[in-house]
Each structure stands twice: as structure tokens, then as C-alpha cells.
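Just so you know, these numbers use all the heavy atoms, side chains as well, and skip hydrogens, waters and symmetry mates. For clarity, every value in this text was computed on a predicted model and none was experimentally measured. Nothing fancy with the numbering, it's 1 onward along the sequence.
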Amino acid sequence: AAALDTLSPSAKAAAVRVIGAKSGRRYAARVFALTSDANPEVRAAAIGALSGVAGASDLPALLRLLETTNEAALVDEVQKGVVASARQMTPADGGAKALVGAMRTSAHPERIIEVLPQVGGPQAIAALVERFNAPDIKGTAFRGLVEWRGPEASDRLLAIYTAGEPAYRDQAFAGFVRQVSSSSLPAEQRVLQVRKALGSATTARERRSLVRALGGMKTYQAFLVAAS
């Protein structure tokens, strides 16, 4: 790491990118220091390497950096570092708990909301639901629910879809179908969810999507609902 100081800015940036790609966590302190480098290329390379070097203990520093970074592309890279760090925290919900806590005092809570689907956990989804019900960053929270990776948001998306609010209805429907189709929940529970959605379906396209989802469940109950 000391050799970095002897390199030209372009060579230093290239070396930092290699460190990040190879998950060189022992160089984390050096990479973090370079996130404030005066040279834009070096600074961008260091921020881009964060997801490869960050550990669980680096989350506070990453959240501070997330607050002060202004360039959209670099915000995205810091967010990747935040996700990598939060996922390493123990217990498993420690990362989500820390993020939700930080969000309450953040000047840019939407930046934290955007990473919650990738971190997961009950506290993360509860925060998304809470922010969807608030007016300030409702749209960002909604995207988080749609992008949620597990089945936990499907009930909430179903409720948004059935409420029929035009700004959210179509995306809520698409997110619900994706989540219920790939869900690990028992088939009987998923069939009940789809049956509720069928009651609110207003187009042939929506009904076809829901019937296809039922077909993937391969149960007699699913067949009966699809045929009704």
C-alpha cells in the first residue's frame, strides 16, 4: 500500500481498482483515505473500490461518505460499499438496524432507502412501508418494495395494487407477480394472495399474468382458482 504514494495519479487509480476487484480488505484504511484524494480519478477509483474492501466495522465511515458525496455515479458506488458492509454485520439484522437508525437523521434518507432491498430483513421492509406511508420520499420507498428480493413485500404490494392508486398500481402489480411467482412461501398461501389479486384485476393482461403465476404453483387449489 505504501507503494501507492510513488505512483502517478493514473497508475494509482489503476492499482486501487485492482485492490477493489481482488477484495483486498487489508488495504481498506488506505482506500478509504484516498476517497478524499485531490485527484478526481484517484478519488473515483477509491470510491469504486469500497465494495471490495469494506468490512462490517466500516459502515459508519461509509454512511458519512454517503452523506457528503454529490456526483450521482459516485453515490451509486458508495451505496454498493454500504451494502457490502451491512451484509457482513452480525447478527444478521444488524446492518438493516444500523441503516434504519442512520436514515432517521440523514440529510439524504432516500440514498439509504435505495439500498434496503439489497440488505433485507424485517427492519428494512418495515422502514420501506413506513416511508411509503409518509409524503416525503414515498416514490423511493415504493421502488424499494417493488425491488425487494424475497416474498416479504408481496402482501404490501398487493395492498397497493388493490388500492388502485394510478401512480403505483401497474408497478405494484408487476412487483407482486414477480415476488409471488418466485416466493418460497407455501403454495397455499401464494394461491390465496393471487386469488385476492384476481378480484381486483381489471384487464385481460392482468388476469393472464395471474393465471400464469397460478400455473407455476402446480397445486389442485391453484388449478381451481385459475379455472374459476
Side-chain angles (χ1 to χ4, degrees), residues 1-121 123-125 127-128 130-131 134 136-141 143-144 147-149:
L4 287 173
D5 294 327
T6 67
L7 301 176
S8 68
S10 293
K12 184 184 294 186
V16 169
R17 285 192 287 268
V18 170
I19 290 171
K22 292 184 176 295
S23 299
R25 288 192 171 86
R26 65 185 182 278
Y27 301 122
R30 190 73 179 94
V31 171
F32 269 93
L34 292 174
T35 61
S36 59
D37 195 90
N39 183 279
E41 185 181 7
V42 173
R43 177 172 173 264
I47 290 176
L50 290 173
S51 61
V53 303
S57 62
D58 296 313
L59 188 58
L62 286 160
L63 289 171
R64 288 193 296 271
L65 188 59
L66 190 61
E67 288 288 302
T68 58
T69 302
N70 295 317
E71 304 93 322
L74 296 185
V75 168
D76 183 64
E77 294 297 335
V78 178
Q79 288 174 318
K80 292 176 183 176
V82 168
V83 171
S85 176
R87 284 177 172 172
Q88 297 175 58
M89 294 188 74
T90 54
D93 63 347
K97 182 178 181 180
L99 293 178
V100 171
M103 186 176 67
R104 302 193 186 285
T105 58
S106 173
H108 300 285
E110 73 283 356
R111 297 179 179 179
I112 298 176
I113 285 177
E114 287 170 349
V115 306
L116 291 179
Q118 300 172 65
V119 175
Q123 294 197 51
I125 199 165
L128 291 176
E130 178 185 342
R131 286 302 180 126
D136 54 350
I137 42 180
K138 185 182 182 84
T140 305
R143 287 193 296 275
E147 294 168 3
W148 194 264
R149 296 184 173 188

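Across G95 and V119, no two heavy atoms sit closer than the pair C-CG1, 4.3 Å. Nearest approach of A45 to A13, heavy atoms of both residues: CB-O, 3.5 Å. The two atoms that bring Q79 and V115 nearest to each other are CB-CG1, 3.6 Å, heavy atoms only. A pairwise comparison of heavy atoms in L62 and A54 identifies CD1-CB, 3.9 Å as the closest pair. Contact record, A49 with G20: CB-CA, 3.7 Å, taken as the closest heavy-atom pair. Nearest heavy atom pair, residue A124 against residue L116, reads O-CD1, 3.8 Å.
Under a 3.5 Å cut-off, the side chain of T69 and the backbone N or O of L65 do form a donor-acceptor pair. Distance alone, capped at 3.5 Å, places no donor-acceptor pair between the D76 side chain and the A73 backbone. The closest donor-acceptor contact from the side chain of R30 to the backbone of V16 lies at 3.5 Å or more, if one exists at all. Using modelled atom types, one side-chain atom of T35 and one backbone atom of F32 make a donor-acceptor pair closer than 3.5 Å.
A salt bridge is absent between E110 and R143: the closest approach of a Lys/Arg side-chain nitrogen to an acidic carboxylate oxygen does not fall below 4.0 angstrom.
Crowding of K22 atom NZ: a count of heavy atoms from other residues, nucleotides or ligands under 6.0 Å not exceeding 12.
Side-chain contact between I112 and V82 is absent, with no heavy atoms from C-beta onward closer than 4.5 Å. R131 places none of its side-chain heavy atoms less than 4.5 Å from the side chain of T140. A heavy-atom distance below 4.5 Å is found between the side chains of L59 and L99.
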Point to revise | salt bridge (charged side-chain N to carboxylate O under 4.0 Å, His left out) between E114 and R111, worked out | key: CA-CA 5 Å; E114 287 170 349; R111 297 179 179 179; over 6 Å; no

Exercise for review: Could you walk me through whether D58 and L50 pass side chain to side chain contact (heavy atoms under 4.5 Å, CB included), step by step?
Suggested key: CA-CA 10 Å; D58 296 313; L50 290 173; over 6 Å; no

Practice item. Run the numbers on R25 and Q88 for side chain to side chain contact (heavy atoms under 4.5 Å, CB included), then give the verdict. Key: CA-CA 13 Å; R25 288 192 171 86; Q88 297 175 58; 3.6 Å; yes

Practice item. Go through the steps to decide whether N39 and K12 satisfy the test side chain to side chain contact (heavy atoms under 4.5 Å, CB included), and finish with yes or no. Key: CA-CA 10 Å; N39 183 279; K12 184 184 294 186; over 6 Å; no

Point to revise | Stepwise side chain to side chain contact (heavy atoms under 4.5 Å, CB included) test for L4 and Y27 | key: CA-CA 11 Å; L4 287 173; Y27 301 122; over 6 Å; no

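H108 contributes atom NE2, which lies 8.5 Å from atom OG1 of T68 (distance to the nearest 0.5 angstrom). Atom CZ in R26 sits 8.5 Å away from atom CD1 in I19 (nearest 0.5 Å). If you take CD on E130 and CD on Q123, they are separated by 11.5 Å, rounding to the nearest 0.5 Å. Between the CZ atom of R43 and the CD atom of E41 there is a distance of 13.5 Å, given to the nearest 0.5 Å.
Side-chain atoms of E77 and S51 form no donor-acceptor pair, as typed in the model, at a separation below 3.5 Å.
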